[in-house]
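Only one structure is covered here, and it is reproduced in the block below.
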Amino acid sequence: MEDLLAVLCDIENRAWKAADTRDAGFYREYLAPEALIVTPFGVLNREEIIREIAENPLELPAYALSDERVVPLGEENAVLVYTVSLGGHTLYVSTVYARNKGRWRAAFHQRTPAVQEVGGMD
């Protein structure tokens with residue numbers, strides 16, 4: 001049996017590297033056809049994500065992933081959650097993976113910026 005956390009962390013790290021190097025080809029293979037990414041700027045579908053990767057000339061600031069955890073959702077789906085430090089900011093990230101024909105692909109990805117002050121959720 002595969003170590004699900006290790007497998008998904010490896011894929012996620014490759015996705016960050018591909019974003020940093022603007023490797024749209026990686027994202028064509030990485031993203032499921034129905035994929036969505038939720039960002040503070042809006043919701044992007046698969047084609048919008050690939051176009052953003054290909055056309056955005058900016059390199060990512062230094063980043064590091066930590067506190068990785070996985071929640072299996074049956075045999076063919078899982079959610080990977082982690083924290084990323086990115087250019088002095090902290091994001092909480094989740095990626096939903098779906099396995100099709102033995103291959104894990106990202107179906108949903110969300111980044112939530114950390115707030116400086118934690119308050120009640122009244």
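In this text, all values refer to a predicted model and were calculated from it rather than measured experimentally.
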- [ ] Using the test side-chain hydrogen bond (donor to acceptor under 3.5 Å, both in side chains), find all partners of Asp10 that sit at least two apart in sequence or belong to another chain.
- [x] Arg14

Open item on the list: Checking the side chain of Arg111 only, and the main-chain atoms of Val93 only, is there a donor and an acceptor separated by less than 3.5 Å?
Closed with: no

Open item on the list: If we ignore hydrogens and angles and just use 3.5 Å, is the side chain of Tyr27 paired with the main-chain N or O of Ala15 as donor and acceptor?
Closed with: yes

Open item on the list: Could you check whether any side-chain N or O of Arg46 sits under 3.5 Å from a backbone N or O of Leu36, counting only pairs where one atom can act as donor and the other as acceptor?
Closed with: no

- [ ] Scan side-chain atoms only and decide if Gln110 and Tyr92 contain a donor-acceptor pair under the 3.5 Å cut-off.
- [x] no

Open item on the list: Measuring from atom CG of Leu86 to atom CG of Leu91, what distance do you get when rounded to the nearest 0.5 angstrom?
Closed with: 5.5 Å

Open item on the list: Could you measure the distance from the CH2 atom of Trp104 to the CG atom of Leu80? Nearest 0.5 Å is fine.
Closed with: 10.5 Å

TODO: Measure from the side-chain N and O atoms of Glu48 to the backbone N and O of Asn45, and report whether any donor-acceptor pair falls under 3.5 Å.
DONE: yes

Task: Arg69 side chain vs Tyr82 backbone, donor-acceptor pair below 3.5 Å - done: no

Open item on the list: Determine whether a donor-acceptor pair (N or O, by modelled atom type, separation under 3.5 Å) exists between the side chain of Arg103 and the backbone of Ala98.
Closed with: no

- [ ] Give the ring-plane orientation class for Phe26 versus Tyr30, where under 30° counts as parallel, over 60° as perpendicular and anything between as tilted.
- [x] parallel

Open item on the list: Does this structure show an ion pair linking Glu29 with Arg105, if we count only N-O contacts that are shorter than 4.0 Å?
Closed with: no

